[in-house]
Amino acid sequence: MSEPNTKGRLLFLEHYLLDNTDDNHPVTAEKLIQEYEDNGYKANRSTIRDDISVLQAFGIDVISEMAGKTKIFYIGSRLFELAEIKMLADAVASSRFITADKSEGIINKLTGLTNEHNRLQIINGALPVNRLKTLSPGIFRTVDAVSTAIAGGKKISFQYIDILPTKEIVLRHDGKEYKVSPQALVWDDDRYYAPSYSEEKNCIVPFRIDRMRNVAVLDDNAYIDPQFNIADYSKMVLQMFDGNEEERTVTLIAENRYMLNIIDRFGEDIPTAIVDGKHFSAKVTVRPSSTFFSWVFQFCGGIRITEPTEIVSAYRSMLEQAMK
């Protein structure tokens with residue numbers, strides 16, 4: 001068998017080290033020589049030393065050190081550390097807007113960034129059983145179309161789905177075509193949104209990516225809302241949902257143990273004050289919809305709405321209606 005070229009040998013060595021080694025799984029020169037020969041390359045210790053030097057010169061972090069009297073080699077730092085890959089794999093696996101099949105495919109790609117000793121551990125740990133996932137197979141095409149429109153400053157058109165009590169998926173408003181100006185893509189509370197300016201409603205509407213169908217990028221220039229801020233919109237609207245309510249500043253009185261819950265929901269910059277030894281107040285800006293009221297209700301009185309009075313009355317009316 002004729003010896004393959006040196007470039008091929010160097011690529012083989014790089015792939016082998018990336019795929020098989022780390023600080024817990026080093027390889028000896030003798031093992032590398034054997035791997036070279038098994039794959040059609042002639043090698044000796046000098047060949048290994050020179051090839052390792054070339055990889056190091058081109059930025060591959062190959063560690064060469066002595067273990068006793070034996071020289072060992074392994075990959076040191078990588079583009080992504082193991083903990084980072086695990087975190088990304090867990091995020092993909094738990095994300096509801098990515099289909100189960102697509103999640104598995106992305107995780108398999110992510111595991112290609114580490115060595116074979118870690119792959120099975122990541123795959124087994126990142127695929128939860130019975131995790132709720134979207135059934136929308138075209139979600140990545142939708143994300144791509146919306147991203148293209150945002151980058152180009154263009155409007156999009158699409159149809160929006162509803163689900164009947166029979167669980168049948170239907171197009172909302174008999175297949176009405178929506179035409180809007182997307183402002184951003186926002187991942188919030190395990191959902192992906194495209195907050196978009198609607199000329200019909202004269203406001204920003206948070207359309208869910210997994211409910212959009214037949215998305216097309218239009219030639220029309222989009223309207224870019226100069227007041228739109230992703231962080232503020234996410235805290236105020238997506239986390240408390242939109243409805244048709246106007247933004248309101250609401251005063252909450254909460255037990256001290258719920259400070260973390262308030263901050264997690266509204267951020268650290270909201271005004272707070274001590275009320276007494278057991279309570280504090282917080283002023284938050286929301287659109288006071290039933291979703292906001294539901295969030296307050298879950299604390300069973302530990303967080304209460306105290307101002308303004310019309311919002312307190314609306315909350316009580318919702319509770320009374322629920323009791324009926």
Side-chain angles (χ1 to χ4, degrees), residues 1-131 133-134 137 139-141 143-144 187:
M1 178 186 297
S2 60
E3 181 182 0
N5 60 47
T6 303
K7 293 180 181 178
R9 190 183 71 214
L10 287 169
L11 285 173
F12 167 78
L13 177 61
E14 178 186 0
H15 290 169
Y16 179 83
L17 291 173
L18 288 170
D19 207 41
N20 293 275
T21 71
D22 56 27
D23 55 347
N24 293 317
H25 303 90
V27 63
T28 63
E30 288 77 9
K31 175 63 175 174
L32 287 178
I33 292 172
Q34 185 62 54
E35 291 293 337
Y36 268 26
E37 293 179 351
D38 290 345
N39 287 272
Y41 300 99
K42 294 181 180 179
N44 52 41
R45 289 181 175 274
S46 178
T47 307
I48 299 299
R49 183 183 63 250
D50 292 344
D51 287 354
I52 292 290
S53 297
V54 172
L55 294 184
Q56 292 171 331
F58 278 86
I60 308 300
D61 188 25
V62 184
I63 306 300
S64 174
E65 61 187 23
M66 298 299 296
K69 296 183 179 180
T70 304
K71 193 69 169 287
I72 58 172
F73 309 93
Y74 59 90
I75 294 294
S77 62
R78 297 172 181 260
L79 181 61
F80 289 94
E81 299 299 327
L82 178 59
E84 294 171 329
I85 298 173
K86 285 182 177 179
M87 179 179 65
L88 291 171
D90 288 340
V92 170
S94 62
S95 175
R96 296 179 65 172
F97 80 87
I98 306 177
T99 64
D101 288 345
K102 194 66 177 178
S103 292
E104 186 173 355
I106 294 174
I107 290 169
N108 284 333
K109 292 178 182 178
L110 286 172
T111 60
L113 297 172
T114 187
N115 60 59
E116 65 175 8
H117 304 289
N118 298 321
R119 284 177 193 151
L120 190 59
Q121 173 189 352
I122 294 173
I123 291 173
N124 288 341
L127 293 177
V129 178
N130 297 326
R131 176 68 180 175
K133 305 288 280 184
T134 182
I139 195 163
F140 281 84
R141 291 193 297 273
V143 171
D144 183 61
W187 188 356

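On a predicted model such as this, the values are computed, not experimentally measured, just so you know.
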What I'd like to find out is whether the side chain of [X] reaches to under 4.5 Å of the side chain of [Y], using heavy atoms alone.
X	Y	value
Asn115	Thr21	no
Glu65	Tyr74	yes
Ile106	Leu110	yes
Val54	Ile60	no
Leu32	Leu13	yes

To the nearest 0.5 Å, how far apart are [atom1] in [X] and [atom2] in [Y]?
X	Y	atom1	atom2	result
Glu35	Leu17	CD	CG	10.0 Å
His25	Ile72	NE2	CD1	12.5 Å
Asp23	Ser77	CG	OG	11.0 Å
Leu55	Ile75	CG	CD1	7.5 Å
Gln34	Asn39	CD	CG	10.0 Å

Side-chain donor/acceptor of [X] to backbone N/O of [Y], under 3.5 Å:
X	Y	value
Thr111	Asn108	yes
Gln56	Val62	yes
Asp19	His15	no

For residues [X] and [Y], report the shortest heavy-atom separation together with the two atoms involved.
X	Y	result
Ser64	Phe73	OG-CE2, 3.3 Å
Glu84	Phe80	OE1-CA, 3.4 Å
Ala93	Ile107	CB-CD1, 3.9 Å

Side chain to side chain donor-acceptor pair (under 3.5 Å) evaluation trace for Asp50 with Ser53: CA-CA 5 Å; Asp50 292 344; Ser53 297; 5.4 Å; no

Could you point out which residue of Asn24, Asp22, Leu113, Ile85 forms a side-chain contact (heavy atoms from CB on, under 4.5 Å) with Asn118?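 Single pass found, and it is Asp22.
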
Passes side-chain contact (heavy atoms from CB on, under 4.5 Å), Thr47 versus Ile33? Steps please. CA-CA 9 Å; Thr47 307; Ile33 292 172; over 6 Å; no

Do Tyr36 and Asp51 get their side chains close enough for a donor-acceptor pair, meaning under 3.5 Å?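 Side-chain D/A pair, Tyr36 to Asp51: present.
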
Could you walk me through whether Tyr16 and Lys31 pass the side-chain contact (heavy atoms from CB on, under 4.5 Å) check? CA-CA 11 Å; Tyr16 179 83; Lys31 175 63 175 174; 3.4 Å; yes

Before giving the answer on side-chain contact (heavy atoms from CB on, under 4.5 Å), spell out for Thr114 and Ile122 the whole-Å C-alpha distance, their side-chain angles and the decisive distance to 0.1 Å. CA-CA 10 Å; Thr114 187; Ile122 294 173; 4.0 Å; yes

